[in-house]
Protein chains: 2
Amino acid sequence: MTENITELLRNNGYKVTPQRLAIYEALCATKEHPKAETLFVKLQPTYPTMSLATVYKTIDILKKIGKIRVLNTGEDSFRYDADITSHHHVQCTVCGRVDDVYEAVDQKALKKIEKQTGYTITEQRVYFFGKCAKCNK
Amino acid sequence: MTENITELLRNNGYKVTPQRLAIYEALCATKEHPKAETLFVKLQPTYPTMSLATVYKTIDILKKIGKIRVLNTGEDSFRYDADITSHHHVQCTVCGRVDDVYEAVDQKALKKIEKQTGYTITEQRVYFFGKCAKCNK
DNA sequence: CTCTCTGCAAAATTTTTGCACTGCT
DNA sequence: AGCAGTGCAAAAATTTTGCAGAGAG
């Protein structure tokens with residue numbers, strides 16, 4: 001990591017507050033790709049005055065400075081992920097959990113798609129759906 | 001097409017109403033992957049009494065009988081597509097339009113991912129993002 | 001003629017915004 | 001001390017639901 005979250009906030013003109021650090025750390029500490037509400041509930045015990053509005057405002061900043069990614073698997077709300085390395089996601093159609101998929105992107109296919117559609121593609125998000133190991137039993 | 005929309009509705013115990021046919025036909029007639037609101041506005045002139053609730057209820061039925069797909073590119077609302085063949089989507093980050101991508105899925109990679117994650121994968125949704133030909137000029 | 005469907009309005013959800021007070025720098 | 005940030009509550013936006021009257025089978 002070349003630049004930590006504190007420096008990054010400061011360098012972008014944002015103040016460093018306990019809430020912002022707590023939200024980012026909570027996101028880093030989990031693999032469950034929580035929604036805003038989930039983060040809020042998880043932080044309530046430690047930060048009793050924390051509000052949902054602050055969670056959303058902080059998420060917005062973290063998005064802007066590129067420290068988190070937003071997922072949308074087709075649920076009614078967004079999920080967030082502090083893992084910003086190139087990876088995809090798989091969601092269990094039974095229990096709803098979301099796991100990571102580390103699989104390299106096929107660059108040849110990408111070129112073909114660019115030619116086919118006329119788009120200059122800068123990003124891709126892949127969502128797989130199926131039954132997780134636990135729900136398969 | 002082995003079974004048309006009228007038969008399919010009837011065979012699944014749903015009544016065939018002008019609203020349902022209109023919504024499905026509107027979806028078939030467009031390539032722009034509209035949201036519920038867009039469909040509603042488009043149908044207003046022809047069906048002045050059409051309500052947004054009916055659009056949502058009909059979309060729900062069409063989803064259940066497998067006649068439409070739901071897309072979510074990370075916008076605040078869902079988009080719908082009557083093209084249920086296996087294909088993916090690309091969205092322009094400038095103008096927001098959504099186009100189709102017809103590119104075969106790499107089955108080998110899929111097997112690898114199943115082994116890696118322990119999931120039995122039944123579906124995948126791929127969203128590409130970039131600048132469309134028009135916005136690239 | 002029955003029973004589902006429609007359409008209105010109200011409710012539920014998720015996310016955003018306004019504003020006085022707090023607290024980072 | 002100055003000014004952005006927090007937290008509350010209210011607003012906005014999307015989707016769902018309840019119910020009385022309309023219409024398909």
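Values below: every heavy atom of this structure, side chains too, minus hydrogens, waters and symmetry copies. Just so it is clear: chains get the letters A, B, ... in the order the sequence lines come, proteins before strands, and each one is counted from 1. In this text the structure is predicted, and so the values were computed from the model without any measurement.
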Figure out the [atom1]/[atom2] separation between [X] and [N], and round it to whole Å.
{"X": "A/Phe78", "N": "D/dA13", "atom1": "CZ", "atom2": "P", "value": "15 Å"}
{"X": "A/Arg79", "N": "C/dT14", "atom1": "CZ", "atom2": "P", "value": "12 Å"}
{"X": "B/Ile61", "N": "D/dA24", "atom1": "CD1", "atom2": "P", "value": "15 Å"}
{"X": "A/Tyr47", "N": "D/dC8", "atom1": "OH", "atom2": "P", "value": "16 Å"}
{"X": "B/Glu37", "N": "D/dA13", "atom1": "CD", "atom2": "P", "value": "11 Å"}
{"X": "B/Met50", "N": "C/dG7", "atom1": "CE", "atom2": "P", "value": "6 Å"}
{"X": "A/Leu52", "N": "C/dT14", "atom1": "CG", "atom2": "C1'", "value": "9 Å"}
{"X": "A/Leu9", "N": "D/dA4", "atom1": "CG", "atom2": "P", "value": "15 Å"}

With a 4.0 Å limit, can you tell me whether [X] has a side-chain N or O closer than that to the phosphate oxygens OP1/OP2 of [N]?
{"X": "B/Gln19", "N": "D/dG23", "result": "no"}
{"X": "A/Ser51", "N": "D/dC8", "result": "no"}
{"X": "A/Tyr56", "N": "C/dT16", "result": "no"}
{"X": "B/Thr17", "N": "C/dC5", "result": "no"}

5' precedence on DNA chain D between B/Arg10 and B/Tyr80 (nearest-nucleotide basis):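 Here B/Tyr80 is the residue nearer the 5' end.
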Option from B/Glu37, B/Glu25, B/Glu32 for which salt bridge (charged side-chain N to carboxylate O under 4.0 Å, His left out) with B/Lys42 holds: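 Answer to the salt bridge (charged side-chain N to carboxylate O under 4.0 Å, His left out) test with B/Lys42 among B/Glu37, B/Glu25, B/Glu32: B/Glu32.
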Side chain of [X], heavy atoms from C-beta onward: which of [options] has the nearest atom to it?
{"X": "A/Thr54", "options": "D/dC8, D/dT14, D/dT6", "value": "D/dT6"}
{"X": "B/Lys15", "options": "C/dC3, D/dG2, D/dC8", "value": "C/dC3"}
{"X": "B/Pro18", "options": "C/dG18, D/dA24, C/dC24", "value": "D/dA24"}
{"X": "B/Asp76", "options": "D/dA13, D/dC19, C/dT16", "value": "D/dA13"}

Min side-chain heavy-atom separation B/Asp106-B/Leu110 under 4.5 Å: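 No - every pair of side-chain heavy atoms lies 4.5 Å or more apart.
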Non-hydrogen side-chain atoms of B/Leu71 and B/Tyr127 separated by less than 4.5 Å: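 The answer is yes, as the side chains (C-beta and beyond) meet within the 4.5 Å cut-off.
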Parallel, tilted or perpendicular: rings of B/Tyr80 and B/Phe78 (30°, 60°):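 Aromatic pair B/Phe78/B/Tyr80 classed tilted.
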Touch class at under 4.0 angstrom, heavy-atom based, for A/Ser77 against every strand present: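 Sugar-phosphate only.
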More than 12 heavy atoms from other groups under 6.0 Å of NZ on A/Lys63: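 Yes, because the 6.0 Å sphere around NZ of A/Lys63 holds more than 12 heavy atoms from other groups.
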Comparing B/Ala53 and B/Tyr14 on DNA chain C - which has the more 5′ nearest nucleotide: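 Looking at the nearest nucleotide for each, B/Tyr14 comes out on the 5' side.
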